[in-house]
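Every chain is numbered from 1, with letters handed out A, B, ... down the list of sequences.
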Amino acid sequence: MRWSHAFIPTLRDDPADAEAISHKLLLRGGFARQLMAGVYSLLPLGQRVRLKIIDIVRREMNEIGAQEFLLPSMHPREVWEQSGRWNAVGPEMFRFQDRRGADVALGMTHEEIFTHVATEMRSYKQLPQVFYQFQAKFRDEARPKSGLLRVREFTMKDSYSFDIDEKGLDASFDRHFEAYRKIFRRIGFEAIAVEASSGMMGGNQSIEFMLASDAGEDWIASCEGCGYAGNVEKATSKLPTVEDEPGLAAPEKFPTPGVRTIEDLENFEGGAPGINQIKTLVYRVDDKDVLLLLRGCDTLSEQKLLDSVEAEEIRPATADEIRAALGASPGSLGAVGVDLFVIADEALQGRRNMTTGANEDDHHLRGVDTARDIDVKAWLDLREVQDGEPCPMCEKALAVFKTIEVGHIFKLGTKYSEAMDAKVLDENGKARPVVMGSYGIGIERNLAAIVEAHHDDSGIVWPLNVAPFEVVVTVVKPKDVACAEAGERLYDALQQGGIDVLIDDRDERPGVKFKDADLVGIPYRLTVGPKGLADGVVELRTRRTGESRDLAIDRAAETVIEAVLDERR
RNA sequence: CGGGCCGUGGCGCAGCUUGGUAGCGCGCUUGACUGGGGGUCAAGAGGUCGCGAGUUCGAAUCUCGCCGGCCCGACCA
């Protein structure tokens, strides 16, 4: 490709409405342009990177025996009704009606459609099967953000495994796990595998692959000691046991005028530190009032609650609902002597001499013993893990930090196969629903994630495997015939050698070309200029390190081809 | 969906308070000089000031409505 005829609209200034680094650099480098909120056009450079990522993913999927499909974007309502998700999903699914008035959805994921296809399987002898595709996914996100990191239309590699039993699923899942590890390594980063919540996908186990980045929006807890890692929606820690004072024979009510928050009560004369308080939250769980108890110093993880109560919908109760249920306002709530369903966090187990609200405005109780004074119906892990808490496995300190979710794999079980009647006969001639897994990688999100992980002040620094071009031949002075010809010869030789090479033959000042090459992030730059040619050399510069060295002109192509081929993985 | 900010040539911005000629930098075109890290000079092209109503002799500027974008939060199979 010739730069003089390529569509690479680079920008000098950061676009005003870009915040994330990858967003700024992908716009400035001419990789992508926004069409509307959460919808982007990929320009030629962006598409080149996208195709390279796809190629890597495809090869690893084929490697584990997966077969490539292409399923439609438009899905009839009926299929989603079968799985129960037509109603379960909500406004995140784009829906419309065709000319006959039939409901149609734009696919946000393809469990239903692949399962529909899989109903043609008849025998356990056909299993296992792994199907996959690269397909546009449409999700009407409430808030698209950060450029390509969170969008409403994107390409996903989604694959689905079909096995006769759980053991088979485990094997398919493990193969995907390993394939994903290889994929992320090849595209240029170490993803951290974490335990995750399955959310609305259903199923009983899921693992997310996370890239540490401030541009991300998922917090994970990770242990350097033993490698334990979990999304904070799932992660646990091993809290030290608290030895409480024996306390009182019975709870004692005391006045706390004006105290509304945990912090107020900590600072109140006669109050208690957060760790010795019981925080009482009222939630509506499928239209039922439930009391949730946590230590004053802890934060509720709604996802943990949702995952463990198997409810359709949970939400905090409104102030009015709370008053109706408990007769007091938030800030003075407690569970002592209350008849509602009470769920307590495990960290409260065995605690005594605690302080909590008295269900009377401006009054609290002290000397509360969770076992003696509160009728706890269920002890659950409800709290969000905090930075520095001991790892549940090895007790070293956990680090909690922000990440980008670059892949997610699920064990689905038989949720979809049962709902959609995807069954095969087992060796005894008995019909059994196939056991499924599903596995996803968002291609453009990974593209942006690579930029988040690989950039510097001058621009993007693409890892060679995903770079839009591997080498740029920068002709310093195109009007100088010798210079231009030398550049062309190198360009030809590199092309012959199978290298993705771009020749910068624009009549621009050298500085402009250097800046553009850096911004766009091409791993190697061969600079051909009059100065070097006078000495019979060209300069090879490595984008990542900024190092450069002179190569004899007649050996240059060969050297570069060798280096590039060597670096490809 | 709640809160905040913002829509003026391709990009970044000023002008709006106090209504009256649309302006600056970059980029773009042509020419000259230049040529190893975003050059200099000269001459140009390019704008329904997000859209629609209203007020006014006159609206980028004031009023109302709508649309769009970004950020924070809620949400996120």
In Watson-Crick or G-U wobble terms, both distances under 3.5 Å, what is the partner of [N]?
N: G37(B); value: none
N: C1(B); value: G73(B)
N: G68(B); value: C6(B)
N: U63(B); value: A53(B)
N: A42(B); value: U30(B)
N: U48(B); value: none
N: G25(B); value: C11(B)
N: C16(B); value: none

Donor-acceptor pairs under 3.5 angstrom involving side-chain atoms of residues 142-155 of chain A: please list them, not counting sequence neighbours.
unit_1: Arg150(A); atom_1: NE; unit_2: Arg143(A); atom_2: O; d: 3.1
unit_1: Arg150(A); atom_1: NH1; unit_2: Glu217(A); atom_2: OE2; d: 3.0
unit_1: Arg150(A); atom_1: NH2; unit_2: Glu141(A); atom_2: OE1; d: 3.0
unit_1: Arg152(A); atom_1: NE; unit_2: Ala37(A); atom_2: O; d: 2.9
unit_1: Arg152(A); atom_1: NH1; unit_2: Asp140(A); atom_2: OD1; d: 2.9
unit_1: Arg152(A); atom_1: NH2; unit_2: Ala37(A); atom_2: O; d: 3.2
unit_1: Thr155(A); atom_1: OG1; unit_2: Arg50(A); atom_2: NE; d: 3.2
unit_1: Thr155(A); atom_1: OG1; unit_2: Arg50(A); atom_2: NH2; d: 3.2
unit_1: Thr155(A); atom_1: OG1; unit_2: Glu444(A); atom_2: OE2; d: 2.5

Could you tell me whether [X] contacts a base, only the sugar-phosphate backbone, or nothing, with contacts defined as non-hydrogen atoms closer than 4.0 Å?
X: Glu233(A); answer: nothing
X: Arg525(A); answer: base
X: Met93(A); answer: nothing
X: Glu508(A); answer: base
X: Ser458(A); answer: nothing

Aromatic ring pairing Phe131(A)/Phe114(A), orientation class (parallel under 30°, perpendicular over 60°, tilted between): tilted
How far, in whole Å, is [M] from [N] if one measures between their [atom1] atoms?
N: G7(B); M: C11(B); atom1: C1'; result: 15 Å
N: U21(B); M: A60(B); atom1: P; result: 8 Å
N: C26(B); M: U40(B); atom1: P; result: 8 Å
N: G27(B); M: A45(B); atom1: C1'; result: 13 Å

Electrostatic pair Lys288(A):Asp286(A) at N-O distance under 4.0 angstrom: no
salt_bridge(Lys402(A), Asp218(A)) N-O dist < 4.0 Å: no
Euclidean distance, atom [atom1] of residue [X] to atom [atom2] of [N] [Å, nearest integer]:
X: Leu35(A); N: C70(B); atom1: CG; atom2: P; result: 12 Å
X: Ile314(A); N: A74(B); atom1: CD1; atom2: P; result: 13 Å
X: Arg143(A); N: G2(B); atom1: CZ; atom2: C1'; result: 12 Å
X: Leu149(A); N: C70(B); atom1: CG; atom2: C1'; result: 15 Å
X: Leu519(A); N: G37(B); atom1: CG; atom2: P; result: 18 Å
X: Arg28(A); N: G27(B); atom1: CZ; atom2: P; result: 13 Å
X: Asp504(A); N: G37(B); atom1: CG; atom2: C1'; result: 13 Å
X: Asp535(A); N: G36(B); atom1: CG; atom2: P; result: 15 Å

Side-chain (Asn231(A)) to main-chain (Lys234(A)) donor-acceptor, under 3.5 angstrom: no
Whether Asp174(A) side chain and Phe177(A) backbone form a donor-acceptor pair below 3.5 Å: no
Just jot down the side chain to side chain donor-acceptor pair (under 3.5 Å) partners of [X], sequence neighbours excluded, or say none.
X: Asp103(A); value: Arg77(A), Gln97(A)
X: Arg323(A); value: Ser329(A)
X: Glu452(A); value: Ser22(A)
X: Asp298(A); value: Arg295(A), Arg383(A)

Residue pair [X] / [Y], side-chain donor-acceptor N/O under 3.5 Å:
X: Asp504(A); Y: Thr474(A); value: no
X: Tyr40(A); Y: His23(A); value: yes
X: Glu112(A); Y: Ser83(A); value: yes
X: Glu111(A); Y: Thr109(A); value: yes

Distance-only donor-acceptor test (3.5 Å): side chain Asp480(A), base G35(B): no
cation_pi(Arg544(A), Trp462(A)) dist<6.0 Å, angle<=45: no
Of all pairs that satisfy salt bridge (Lys or Arg N to Asp or Glu O under 4.0 Å), the ones with a partner from residues 483-493 of chain A, not counting sequence neighbours: Arg2(A)-Glu488(A)
Gln303(A) vs C75(B): side-chain N/O to OP1/OP2 distance below 4.0 Å: no
Phosphate OP1/OP2 of G35(B) contacted by Lys513(A) side-chain N/O (<4.0 Å): no
Nearest-neighbour nucleotide for the [X] side chain, [options] considered:
X: Ser146(A); options: G37(B), C71(B), G38(B); answer: C71(B)
X: Ala37(A); options: G36(B), C70(B), G38(B); answer: C70(B)
X: Lys515(A); options: G36(B), G38(B), C72(B); answer: G38(B)

Per-nucleotide protein contact string for nucleotides 42-52 of chain B, where B marks a base within reach and S marks sugar-phosphate only (heavy atoms under 4.0 Å, - for neither): -----------
Protein proximity profile, nucleotides 4-13 of chain B - base contact B, sugar-phosphate-only contact S, no contact -, cut-off 4.0 Å on heavy atoms: -------BSS
Could you pull out the protein-nucleic contacts involving nucleotides 32-34 of chain B (nitrogen or oxygen on both sides, under 3.5 Å)?
unit_1: U34(B); atom_1: O2; unit_2: Arg509(A); atom_2: NH1; d: 2.6

With sequence neighbours excluded, residues passing ring pair (Phe, Tyr, Trp, His ring centres under 6.0 Å) with Phe94(A): none
Interface residues of residues 536-557 of chain A with RNA chain B (non-hydrogen, below 4.0 angstrom): Glu539(A), Arg541(A)
Those residues of residues 71-81 of chain A lying under 4.0 Å from RNA chain B by at least one heavy atom: none
Close aromatic pair by centroid cut-off 6.0 Å: Trp3(A) and Phe469(A): no
Aromatic ring proximity Phe184(A)/Phe209(A), centre distance under 6.0 Å: yes
